[in-house]
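All of these numbers come straight from a predicted model, not from anything done at the bench.
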Amino acid sequence: MTDAPTLLWLRRDLRLADQPALAAAIGEGAIVPVYVLDDETPKHYAMGGASRWWLHHSLASLDADLRAVGSRLILRRGKCDAVLAELATETGANRVHCIRHFEPWWRNAERAVAKRLDLICHDGNYLAPPGSITTGSGGQYKIFTPFWRALQQQMPPPAPLPKPSSIPAPAHWPRSERLNEWGLLPTKPDWSTGFGADWSPGEAGAHHKLNGFKRHAATYGETRNLPSVEGSSRLSPYLHFGEVSAAQVWHAVAGAGGSVDTFLGELGWRDYAQTVILQLPDYGSRNGRPTLDTLPWRTGPDAAADLKAWQLGRTGYPIVDAGMRQLWATGWMHNRVRMITASFLIKHLLIDWREGERWFWDCLVDADYGSNAVNWQWTAGTGIDANMFVRIMAPLVQSPKFEAGDYIRQWVPELAQVRGEAIHDPDEAGCRPAAYPPKIIGHRAARERALAAVKQAH
DNA sequence: CTTCTGTTAGT
DNA sequence: CTAACAGAA
């Protein structure tokens with residue numbers, strides 16, 4: 001037994017319960033938990049604005065939770081391998097525990113840290129260790145359904161580890177930077193005023209959300225596609241930042257009955273996205289199917305203006321605008337509406353899916369490299385999972401089909417007074433308020449333009 | 001045991 | 001169209 005503490009390197013695993021890296025470190029003596037704010041390692045994928053808002057509150061919550069069990073969170077900035085090496089020298093630590101991550105930049109960073117220090121990576125953020133589910137011939141799955149069938153054979157996941165009642169502290173704490181000086185919260189202007197009503201980042205907030213969801217998990221399959229109804233779990237940001245583990249969620253809801261299997265499938269998609277970025281690390285920027293590399297996406301001033309209209313929720317399609325405004329106001333968008341807005345950008349506006357991926361990356365509190373890339377490429381039809389570009393979603397059909405009226409009234413104030421079914425297409429119903437923009441392009445014309453473009457690509 | 005080939009399915 | 005599997009070669 002030596003006095004040398006062990007470093008606990010935290011990233012997207014900001015919890016104390018079911019935290020295998022923490023559990024392993026506790027067995028070795030004193031622990032220095034550290035979060036490194038590192039924008040250099042992810043480069044283009046440095047956290048976006050909404051994620052930074054979440055991170056700020058999550059780190060504050062984690063520090064309080066750590067202090068309640070005799071520890072604290074050390075904050076440092078810089079390139080993670082250099083910062084960890086420096087902290088190891090300062091504290092005399094010779095070992096680092098972390099939970100393994102699969103974003104390509106984290107895989108590189110783990111290799112870089114392992115060159116300088118004794119780094120031990122643990123699995124624990126996914127239902128099964130990504131890469132461990134293989135096809136009959138030993139390869140990695142490319143399609144969701146067979147992957148999910150194979151993953152279910154390995155379920156349930158191991159029972160979650162308990163939260164430690166105390167964490168051994170080092171004799172001397174190294175210095176920590178101050179969270180308030182990191183500038184993670186928006187100031188000029190503060191666009192986050194609408195975030196707090198929906199979210200309380202941190203482990204306690206995650207479990208509060210999970211406990212609330214347990215009560216309606218059995219009807220998830222019937223209500224999840226209705227944006228006017230609170231049918232989804234809203235666990236995505238908590239899962240992304242690791243404030244609750246997938247195994248904890250599984251064990252909490254698996255016995256709920258009803259259509260809870262539909263929800264468990266969504267956890268499966270989360271694991272699936274990791275196997276995709278393991279196989280194709282640049283999936284966030286490169287088409288899974290190179291046949292669509294030649295698709296003539298619109299560029300230039302007109303396309304830029306259309307992109308702006310989409311971002312601001314001023315396309316003249318109520319369901320699209322409601323979704324984009326919910327995203328801007330709260331850092332989150334209902335999943336059905338994510339599909340509709342994404343499809344609209346790609347096919348109606350014929351703008352490169354990477355522009356949408358980037359906007360979601362900046363605006364979502366649950367922005368996740370793997371899930372975001374998989375979902376955008378699925379919608380674009382460029383992904384390794386089959387979905388045809390020529391299948392074009394009709395937003396004005398989706399909107400009544402999923403009863404989005406009240407959702408539109410909530411998020412598009414110009415339309416709040418429109419009654420009945422006219423809400424889905426006030427232009428067509430002849431009751432469009434002057435303050436609400438006309439359609440940016442007609443559905444028929446957009447469809448024909450998209451089909452012509454994909455014909456040209458082949 | 002490996003490779004080929006036909007069948008089924010793809011939220 | 002391709003992935004994945006099962007059964008054949």
Test your reading of the model: is there a side-chain donor-acceptor pair from [X] to the backbone of [Y], 3.5 Å cut-off?
X	Y	value
A:Thr379	A:Ser343	no
A:Asp38	A:Cys80	yes
A:Gln377	A:Tyr283	yes

Carboxylate-amine/guanidinium proximity below 4.0 Å for A:Arg432 and A:Glu414:
no

Quick one: does NZ or CZ of [X] land under 6.0 Å from the six-membered ring centre of [Y], within 45 degrees of the ring axis?
X	Y	result
A:Arg12	A:Phe241	no
A:Arg234	A:Trp332	yes
A:Arg289	A:Phe389	no

Over how many whole Å does the gap from [X] atom [atom1] to [N] atom [atom2] extend?
X	N	atom1	atom2	answer
A:Trp269	B:dG10	CH2	P	12 Å
A:Asp385	B:dG10	CG	P	13 Å
A:Trp378	B:dG10	CH2	C1'	10 Å
A:Asn387	B:dA9	CG	C1'	14 Å

Side-chain H-bond candidate by donor/acceptor type, A:Glu403 with A:Ser228, under 3.5 Å
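No donor-acceptor contact under 3.5 Å links the two side chains.
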
Terminal contacting nucleotides, 5' and 3', DNA chain C versus chain A (heavy atom, 4.0 Å)
C:dT2 to C:dC5

Find the runs of at least 3 consecutive base pairs, i with j, i+1 with j-1 and so on, that include DNA chain C, using Watson-Crick or G-U wobble geometry with both distances under 3.5 Å.
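DNA chain C stems, ordered by first number: B:2-10 with C:1-9.
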
